[in-house]
Protein chains: 2
Amino acid sequence: MVVKIDDVARLAGVSKTTVSRVLNNRGYLSDTTIKKVHDAMESLNYQPNAVARQLFKKETKLVGLIFPTVDNPFFGQLVAELEKRLFDSGFKVLIGNSMNDPEKEETYLKELISNQVDGLIVGAQNRDISEYHTSNLPVVSIDRNMNEDIPVISSDNYQGGKLATELLINSGAKHIINTNGPVNLKTPANRRTQAYADVMASHNMVPHTYVIDFNWDINKKERIINEMFKEYPEMDGIFVTNDMDAALVWRTAVKLGYKIPQDLKIVGYDGANSTRVLLPELTTIEQPIDEIAQVAVKTLIDRIQGKEIPAEQILPVKVWKGQSV
Amino acid sequence: MVVKIDDVARLAGVSKTTVSRVLNNRGYLSDTTIKKVHDAMESLNYQPNAVARQLFKKETKLVGLIFPTVDNPFFGQLVAELEKRLFDSGFKVLIGNSMNDPEKEETYLKELISNQVDGLIVGAQNRDISEYHTSNLPVVSIDRNMNEDIPVISSDNYQGGKLATELLINSGAKHIINTNGPVNLKTPANRRTQAYADVMASHNMVPHTYVIDFNWDINKKERIINEMFKEYPEMDGIFVTNDMDAALVWRTAVKLGYKIPQDLKIVGYDGANSTRVLLPELTTIEQPIDEIAQVAVKTLIDRIQGKEIPAEQILPVKVWKGQSV
DNA sequence: AATTGTATGTCAACCGGTTGATATAAAATA
DNA sequence: TATTTTATATCAACCGGTTGACATACAATT
């Protein structure tokens, strides 16, 4: 049967209070007693039941992560780094892939709250979900504007949009298109499109932003991208809002007979590890994904500890010069 | 303050036993009482404390996943699909990225056991870690041979290795190299290399297997791959044990002046979603990743329910014809 | 009218670990 | 010698929800 603290106490010849003191390194304890208790634990293969302690301590050492999916280079790298840093800081991670579905996100949120997570790091849909406000839970957001209570970590999206657009213009592109997700999704990533429009205006160029929804499947995306090429046959430059879509744009252009970058210059956004290995030719705006994770974890731990934290933290981007511009 | 079942009972004007009966849909209950209780829960924004119930029920509805990392197309897709199916089956997922480090894996295992997970799905290091045996926890393994107690799900690695090698031979390659991870890692993936050797022998060709460790960083991998090109200058075909490494081989070959596939034919293994988008030109042996996840979740749930399950389940692979052969 | 079913309450114990209050005894210190 | 510190035990309550046993009252059925 499952070994309990009483069993350890009996074998060690001490009280369960003493075993608890050894487990928690609390109170006066002789070296002899400590050794006897450890020997008993090892002998019985005792594994303390964290659930009992969580109930009493009102602290689970669990953190919930809600992101669209880890089946994606950007989110995969982000979640991997978040998990690593949280674990190194004594937390375990409960993960929810919400697929940007508000109902699914709300279900996850309720489940995580019910499981008494100590905090949340989220980067998913942000349609008004009341539990974010009512639960009094420390939350940190990545690339999503939730409300003024919830700190946001993001890359310098505006600067990234600016760099991308200027790079295309300086490389001779004259008809530059931008793609973005749905604008009702409140995210700092919208600043990429804003920067694109600003830079275009300052060069007396007409901006065009094409919506490609993150959640569309590959086939739908390919159809929409084909339509984009039909709709803008003069397009000779494109700033794509993420690398996966940039890759699709690239493949579609090649199929249509375009030469990259002679006929069409392409800039993406993300620069994740996997993308770097699988498609290093793609010129892209590189987000500091590992740094975003590091800052998010530090901010969450500060929130859990009740410290003052900044409302927004914007981390610098870089240009990765591939061969698509 | 935090709302408890007593608070809901007081507002609804019933006993906490009645609230518990409503929560669990147990015993006789009138519609009026059910409504009163639900209204009170909503009014107070009551969120049941799962920890208390977990302690009593000795069931957490949590499943632990231990994989090397989700910052990788194959594991990212696998973990995303596992999480989705587990959540749809009423479980939440605690994730541990072990980076193939046995000590880290053991730490994760202990933590997950302590957190009373109902089961585990693992696909990481498998060096003898005693807790897999002693904890009496339902475990399912993906692509790892643990012991005869633990069921294994994998793709048909032998068939994959056979298909890859035959494809290279049938395309005219005469000097074919294979890469694999460290052979002391007990994994069905070693059958890829076995199949390669068997097919080569049957064509009177000398097999060469080059070890590339999954955990080496990009720089070390690139160095080792460069050395491989120096050591086998006559190489005109290569079967790479995973797509990320295949991409690195491709880039290195191009840098060295090879034309793909004229001078060097390349076959990878995995065929993950992200790889398909970012490098569709890569010819690869496509694992049924989503099916592996589906079977693993079904097997784990069967184990949790004490049902008889098969010791090994091998799922069919396919060839993805890119342009690298 | 008697019996059975429905509805809800009371009570207390439990799940496993934590911990404060208090007690006792021995060792160390002033 | 008196006081303080160290070491360990006992006891019981707690954390929040679950649930069985039993009670009471009313409604439905035989």
Side-chain angles (χ1 to χ4, degrees), chain A residues 1-41 44-62 110-111 113-118 135-136, chain B residues 1-41 44-62 110-111 113-118 135-136:
Chain A
M1 202 55 75
V2 173
V3 180
K4 288 172 286 195
I5 200 167
D6 280 310
D7 302 313
V8 175
R10 192 173 309 116
L11 184 63
V14 298
S15 73
K16 79 173 195 179
T17 303
T18 297
V19 177
S20 183
R21 285 184 175 135
V22 172
L23 277 171
N24 295 286
N25 203 23
R26 208 173 53 88
Y28 296 112
L29 288 163
S30 69
D31 287 338
T32 305
T33 298
I34 293 172
K35 188 178 185 309
K36 276 175 13 190
V37 170
H38 275 124
D39 288 349
M41 291 194 222
L44 293 168
N45 220 355
Y46 172 70
Q47 199 75 44
N49 185 324
V51 176
R53 138 194 269 273
Q54 284 163 355
L55 180 59
F56 181 80
K57 293 277 218 176
K58 294 170 187 270
E59 178 186 79
T60 55
K61 287 299 192 189
L62 300 177
K110 283 176 143 84
E111 292 278 358
I113 291 172
S114 188
N115 272 266
Q116 309 294 299
V117 296
D118 294 339
S135 67
N136 210 34
Chain B
M1 201 58 73
V2 173
V3 179
K4 288 173 288 196
I5 200 167
D6 280 308
D7 303 313
V8 175
R10 192 173 308 118
L11 184 61
V14 297
S15 72
K16 79 174 198 181
T17 302
T18 297
V19 178
S20 182
R21 284 178 177 140
V22 172
L23 276 171
N24 295 285
N25 204 21
R26 208 175 50 89
Y28 295 111
L29 290 163
S30 70
D31 287 338
T32 304
T33 298
I34 293 172
K35 188 179 186 306
K36 276 174 13 185
V37 170
H38 275 122
D39 288 348
M41 289 194 227
L44 293 169
N45 221 355
Y46 171 69
Q47 199 75 44
N49 185 324
V51 177
R53 137 194 270 270
Q54 284 163 354
L55 180 59
F56 181 80
K57 293 275 217 177
K58 297 171 183 265
E59 180 185 79
T60 55
K61 288 299 192 187
L62 300 178
K110 285 177 141 84
E111 292 278 358
I113 291 171
S114 189
N115 273 265
Q116 309 294 300
V117 295
D118 295 338
S135 67
N136 210 33

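In what follows, every chain begins at residue 1, and chains take the letters A, B, ... in the order their sequences are listed.
Comparing D/dT18, C/dT8, D/dC15 against the side chain of B/Tyr28 picks out C/dT8 as the nearest. When distances are taken from the side chain of B/Lys57 to each of C/dT8, C/dT19, D/dT19, the shortest belongs to D/dT19. In the set D/dT18, C/dG16, D/dA9, the nucleotide with an atom closest to the side chain of B/Phe56 is D/dT18. Checking C/dT18, C/dG16, D/dG16 against the side-chain heavy atoms of B/Lys58 singles out C/dG16 as nearest.
Counting to the nearest Å, the P atom of D/dG17 and the CG atom of A/Asn115 are 13 Å from each other. In this structure, A/Met41 places its CE atom 11 Å from P of C/dG17, rounding to the nearest Å. Following rounding to the nearest Å, B/Leu29 (CG) and D/dA27 (C1') show an atom-to-atom distance of 17 Å. Across the protein-nucleic acid pair, A/Leu55 atom CG and D/dG17 atom P stand 9 Å apart, rounded to whole Å. Atom CD1 of A/Ile34 is separated from atom C1' of D/dT8 by 13 Å (rounded to the nearest Å). For the pair A/Gln47 CD and C/dG17 P, the computed distance is 11 Å after rounding to whole Å. One atom, CD of B/Gln54, and another, P of D/dT19, lie 14 Å apart when rounded to the nearest Å.
Counting any heavy atom pair closer than 4.0 Å across all strands shown, B/Thr18 reaches sugar-phosphate atoms only and no base atom. Heavy atoms of B/Val19 sit nowhere under 4.0 angstrom from any nucleic acid atom.
Contact check for A/Asn45 versus A/Val3: no side-chain heavy atoms found under the 4.5 Å cut-off. Using a 4.5 Å cut-off on side-chain heavy atoms (C-beta onward), A/Leu62 and B/Asn115 make contact. Looking at heavy atoms from C-beta onward, B/Tyr46 lies out of side-chain contact with B/Leu11 at the 4.5 angstrom threshold. Using a 4.5 Å heavy-atom cutoff, the side chains of B/Ile5 and B/Leu23 are in contact.
In the region residues 4-11 of chain A, proximity to DNA chain D at under 4.0 angstrom, judged on heavy atoms, holds for none of the residues.
An OP1 or OP2 oxygen of D/dG17 is reached within less than 4.0 angstrom by no side-chain nitrogen or oxygen of B/Ser20. Taking 4.0 angstrom as the limit, B/Thr33 places none of its side-chain polar atoms (N or O) nearer than this to OP1 or OP2 of C/dA7. Applying the 4.0 Å criterion to OP1 and OP2 of C/dT18, one finds that A/Asn24 has a side-chain N or O inside that range. The shortest distance between the side-chain N/O atoms of A/Ser30 and the OP1/OP2 oxygens of D/dT6 is not below 4.0 Å.
Both A/Thr32 and A/Lys16 lie near DNA chain D, and the one whose nearest nucleotide falls closer to the 5' end is A/Thr32.
Counting only distance, with no hydrogens or angles, the side chain of A/Gln54 and the backbone of A/Ala52 share no donor-acceptor pair below 3.5 Å. B/Gln47 places a side-chain N or O within 3.5 Å of a backbone atom of A/Lys110 that can act as its donor or acceptor partner.
In this model, a donor atom of one side chain and an acceptor atom of the other lie less than 3.5 Å apart for A/Ser15 and A/Thr18.
With values rounded to the nearest 0.5 angstrom, A/Arg53 atom CZ is found 5.0 Å from A/Asn24 atom CG.
A salt bridge links A/Lys35 with A/Asp39; the closest basic N to acidic carboxylate O contact falls under 4.0 Å. Salt bridge status for B/Lys4 with B/Asp7: absent, with no side-chain N to carboxylate O gap under 4.0 Å.
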Extract from the structure each pairing of a protein N or O with an N or O of nucleotides 20-26 of chain D at less than 3.5 Å, listing the distance.
unit_1 : atom_1 : unit_2  : atom_2 : d
D/dG20 : OP2    : B/Arg26 : NH1    : 3.4

